[in-house]
Amino acid sequence: MNAVMSTSTLEIRPSDHAASPEERAKRMTNPGFGRVFTDHMVVIPYKEGQGWGKGVLKAYGPIEMDPAASVLHYGQAIFEGFKAYHQPDGSIASFRPEANARRFNASAARLAMPELPEGLFIEAAQALIAQDRAWVPGAVGESLYMRPLMIATEAALGVRASSEYLFILMASPSGAYFPQGVKPVTVWISEDYVRAAPGGTGFAKCAGNYAASLVAQRQAKGEGCDQVVWLDAIHREYIEEMGGMNIFFVYQEKGETVVVTPELTGTLLPGITRDSLLQLAREQGFRAEERKITVSEWKNAIAEGRMTEVFACGTAAVITPVGHAKSRQGNWDIHQGVTGPVAAKLRETLLNLQHGLAPDTHGWMKKIVG
Ligand SMILES: *Cc1c(COP(=O)(O)O)cnc(C)c1O
């Protein structure tokens, strides 16, 4: 037991069937993304009138729910995603987890769910990472992916906000997203489906946004593409995001490198990677802009050679270059379909920071386990 646990308000109940070192090593070999889970999870219940109850760290496993639990009917469900990394000094740190805690609460507020104190969010992460630190992979590009979620558990079919909730935190060792090296994706610009509309839940990380996106993702696959590019709901013209990632466009203008990402309108998910890259891009000497950009601007700027790269970003894959775009208005290639220098540079800069190989001048790395 270390200091993190003894000051915890969580009850620590270690698993009696944790994986053996051999079993763990086997499961951590080529773990992929989101398929392998550690030995433990944190669960904290909430009841209206009582607030958040005593949380517990316990063996990872199924949870029991009443079939009338409102999440199963009306979908009050939100989640987050952040990562923990081995640092060169032997400690484990995670990248901007407080930003995830704040966004979790913004999502909760939109879905009429209770907010979780930021301190409790961080404490849960500390307890779980400390307990399962042997599950944190070591190589650059690898990490322990942390997945917090909250669901409505009251057994009642009336349509209203639930009076009971469950916060769950689980952890999943994840391998390099691109084990064979970064490979640009082909995107389908979706004109048939929208992800989010003004006044809706686009800025919230809620399960329903993903449920509504799957049919478009399937259509993209049918068109021979890897991912969907979402347009705004009103004009079907302004680019919003790529799948579950934010998107950046790189221009060369009068000898200057300009990175542009769609501005946050309420229908976009405010990515923490997006925000970090805007800052890192400026420090690299690039101009960074948040503004609206249309599909025709994308197509024309590529044709005129002014736009040289496009990439998407998010916690899971960090930076994914976009090599080809397809739409009903035509197809075009970006940077000959290979990774460009700006995407490569920003990716390396961010990865080095997260793995503690570059100085953390922003205070973004939070030491979780000493
Ligand atoms: C989570 C998410 C992102 C990326 O956010 P990060 O904080 O960078 O991981 C972008 N778009 C959508 C729709 C998302 O759900």
Side-chain angles (χ1 to χ4, degrees), residues 1-5 7 19 21 24-34 36-40 80-101 121-147 169 171-182 271-285 313-320 339 341-370:
M1 290 268 176
N2 65 32
V4 169
M5 289 186 211
T7 59
R24 189 174 60 237
K26 202 170 101 197
R27 285 164 59 194
M28 285 177 73
T29 308
N30 302 322
F33 177 76
V36 175
F37 301 98
T38 65
D39 291 317
H40 298 88
E80 267 303 326
F82 61 99
K83 286 174 166 178
Y85 310 83
H86 266 297
Q87 302 297 295
D89 68 358
S91 67
I92 294 166
S94 85
F95 183 72
R96 304 187 73 180
E98 295 94 344
N100 294 90
F121 184 101
I122 300 295
E123 185 189 329
Q126 276 171 329
L128 185 57
I129 295 167
Q131 187 72 37
D132 284 340
R133 68 176 299 164
W135 288 90
V136 183
V140 170
E142 299 181 343
S143 59
L144 187 65
Y145 180 78
M146 307 299 294
R147 169 54 62 91
L169 175 64
S172 173
S174 64
Y177 204 87
F178 298 102
Q180 265 83 49
V182 178
I272 295 160
T273 317
R274 173 191 180 279
D275 179 73
S276 307
L277 290 176
L278 282 168
Q279 297 189 50
L280 294 176
R282 290 185 182 116
E283 291 162 21
Q284 295 290 323
C313 69
T315 296
V318 190
I319 284 182
T320 302
T339 305
V342 174
K345 179 73 196 165
L346 288 172
R347 181 182 162 78
E348 184 192 283
T349 304
L350 186 52
L351 278 174
N352 283 344
L353 222 154
Q354 292 170 333
H355 288 276
L357 303 171
D360 175 25
T361 53
H362 307 86
W364 283 342
M365 300 307 294
K366 183 168 181 70
K367 189 168 280 200
I368 295 279
V369 186

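This structure is a prediction, so every number in the text was calculated from the model and none was measured.
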Atom of Ser172, atom of Leu144 and distance for their closest heavy-atom approach: C-CD1, 3.6 Å

Of all heavy-atom pairs linking Ala171 and Met146, the shortest is CB-SD, 3.7 Å

ring-ring contact (aromatic ring centres under 6.0 Å, His included) against His86, all qualifying residues, sequence neighbours excluded: none

Keeping His355 on the side-chain end and Gly141 on the backbone end, is there a donor-acceptor pair under 3.5 Å? yes

Nearest heavy-atom approach of Ile129 to Val369 is CG2-CG2, 3.8 Å

Nearest-0.5 Å distance, CG of residue Leu169 to CG of residue Leu128: 5.0 Å

Name the one of Val136, Val36, Asp132 that satisfies side-chain contact (heavy atoms from CB on, under 4.5 Å) with Pro173? Val36

So do Thr315 and Ile272 actually touch side chain to side chain, heavy atoms under 4.5 Å? no

Check step by step if side chain to side chain contact (heavy atoms under 4.5 Å, CB included) holds for Ile319 and Leu350. CA-CA 9 Å; Ile319 284 182; Leu350 186 52; 5.6 Å; no

Is there a donor-acceptor pair under 3.5 Å between the side chain of Arg27 and the backbone N or O of Thr38? no

Lys367: partners by salt bridge (Lys or Arg N to Asp or Glu O under 4.0 Å), with sequence neighbours left out: Asp89

Those residues at least two apart in sequence (or on a different chain) that pass side-chain contact (heavy atoms from CB on, under 4.5 Å) with Arg282 are Leu278, Ala288

Minimum-distance pair of heavy atoms, taken over all atoms of Lys83 and Ala316: NZ-O, 2.8 Å

Rounded distance [0.5 Å steps], OG1 in Thr273 versus CG in Leu280: 10.5 Å

List in chain and number order the residues that pass side-chain contact (heavy atoms from CB on, under 4.5 Å) with Asp360, two or more places apart in sequence or in another chain; answer none if no residue qualifies. Leu353, His362, Trp364, Met365

For residues 92-101, please give each side-chain donor-acceptor pair under 3.5 Å, one per line with the distance, not counting sequence neighbours.
unit_1: Arg96; atom_1: NH1; unit_2: Asp275; atom_2: OD2; d: 2.9
unit_1: Arg96; atom_1: NH1; unit_2: Ser276; atom_2: OG; d: 2.9
unit_1: Arg96; atom_1: NH2; unit_2: Asp275; atom_2: OD2; d: 3.1
unit_1: Asn100; atom_1: ND2; unit_2: Glu80; atom_2: OE1; d: 2.8
unit_1: Asn100; atom_1: ND2; unit_2: Gly81; atom_2: O; d: 3.0

Can you check whether Leu357 reaches Val140 side chain to side chain, under 4.5 Å on heavy atoms? yes

Those residues that, when tested against Arg147, pass side-chain hydrogen bond (donor to acceptor under 3.5 Å, both in side chains) (two or more places apart): Tyr145

To the nearest 0.5 Å, how far apart are CD1 in Ile368 and CD in Glu123? 11.5 Å

Closest heavy-atom pair and its distance - Gly356, Pro88: O-CG, 3.4 Å

Validation row: Gln284, Val342 side chains within 4.5 angstrom (heavy atoms): no

Test item: Lys366 and Ile122 side chains (from C-beta on) under 4.5 Å apart, heavy atoms: yes

